[in-house]
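Order of the sequence lines sets the chain letters (A, B, ...), proteins ahead of strands, with each chain counted from 1.
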Amino acid sequence: MDRDSVLASLLRRLETVSKLDPADIAAIRSLPIAVRHWEGARAIVSDGERPSESCLVIEGFCIRSKTTEAGQRQILSIHIPGEIPDLQSLHLRRMDHDLLTLVPSTLGFISHASLLTLTHARPNVADALWRDTLIDAAIFREWIVNVGQRPAPARLAHIVLELRRRLAVTRGAEPATFEFPLTQEQIGEALGITPVHANRIIRQLREDGIIDVSRGYVQVLDETRLADLAQFDDRYLHQDPAA
DNA sequence: GCATTAAATTGGC
DNA sequence: GCCAATTTAATGC
């Protein structure tokens with residue numbers, strides 16, 4: 001895999017919302033990146049560890065999660081190509097949650113040392129990464145509202161619409177069918193409901209002709225009713241073009 | 001890993 | 001007290 005395609009999604013995401021000079025882009029392109037392939041459902045970094053590098057998702061899907069003493073896991077976020085889910089480890093040395101792959105994935109590891117050199121040399125890049133991190137926080141806030149306040153079918157509908165919108169930033173389109181590689185148990189862990197209930201609402205949404213979640217994909221069957229159910233307002237994603 | 005059901009619980013009205 | 005949403009427990013693919 002050549003360097004351009006390794007960085008294409010990241011650059012597309014950053015440039016959508018931040019102004020970068022040719023020199024900024026060149027500096028990002030010259031980052032040393034170790035590309036590695038990862039099996040599905042395998043830890044990348046775990047709670048308590050002190051990583052010395054951050055991980056760019058190049059292909060595949062990752063999640064962040066946290067598990068209680070009692071063994072209950074909460075899925076905190078879903079990550080797609082072009083994102084750096086553990087950028088925070090650059091400044092918060094010790095991991096406070098787990099990062100793992102959902103499916104076989106291609107990952108790019110970038111050392112903290114080279115990221116610090118880059119951000120110190122290129123303030124625009126530092127700003128862009130800061131903005132990216134703040135958007136990440138906004139997505140977390142929405143996730144909390146989702147899990148804490150919406151009825152279960154709306155929780156699933158909302159996550160589906162958000163993921164499609166985020167995928168569209170790098171893919172350029174919002175298709176009716178796209179990857180959604182979570183098992184029903186994982187959907188339950190993301191939505192804060194039991195697997196039985198996850199199964200029930202998936203079936204209900206399918207029978208109602210709104211979405212069909214199966215075999216690692218979602219198919220949107222009725223855009224209007226899905227939007228109505230999810231009450232999805234993309235303002236929190238802050239994708240307004242760079243000034 | 002997914003699907004279904006019966007019984008119990010919870011919170012709102 | 002009723003109703004809807006959801007959990008718990010159990011079972012069969």
Protein-nucleotide distance ([X], atom [atom1]; [N], atom [atom2]), rounded to Å:
X: A/N199; N: B/dT4; atom1: CG; atom2: P; answer: 6 Å
X: A/R206; N: B/dC2; atom1: CZ; atom2: C1'; answer: 10 Å
X: A/E189; N: C/dT7; atom1: CD; atom2: C1'; answer: 16 Å
X: A/L191; N: C/dA5; atom1: CG; atom2: C1'; answer: 14 Å
X: A/L205; N: B/dA3; atom1: CG; atom2: P; answer: 13 Å
X: A/R150; N: C/dA4; atom1: CZ; atom2: P; answer: 23 Å
X: A/I202; N: B/dA3; atom1: CD1; atom2: C1'; answer: 11 Å
X: A/I201; N: B/dT4; atom1: CD1; atom2: C1'; answer: 16 Å

Base B/dT5 paired with A/R200 side chain (donor-acceptor, <3.5 Å): no
Sugar-phosphate, base or nothing in reach of A/T183, heavy atoms under 4.0 Å: sugar-phosphate
Sugar-phosphate, base or nothing in reach of A/I193, heavy atoms under 4.0 Å: sugar-phosphate
Heavy-atom donor-acceptor pair, A/R206 side chain to A/V213 backbone, under 3.5 Å: yes
Out of [options], whichever nucleotide has its closest atom nearest the side chain of [X]:
X: A/R203; options: B/dA3, B/dT4, C/dT6; answer: B/dT4
X: A/R155; options: B/dT4, C/dT6, B/dA3; answer: C/dT6
X: A/P153; options: C/dT6, C/dT7, B/dA3; answer: C/dT6

Geometric class of the A/Y236/A/H158 ring pair [parallel <30°, tilted 30-60°, perpendicular >60°]: parallel
A/E179, CD atom: more than 12 neighbouring heavy atoms under 6.0 Å: yes
Close side-chain approach of A/K19 and A/D127, heavy atoms under 4.5 Å: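 Answer no - side chains too far apart.
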Residues A/S52 and A/H112: side-chain donor-acceptor under 3.5 angstrom: no
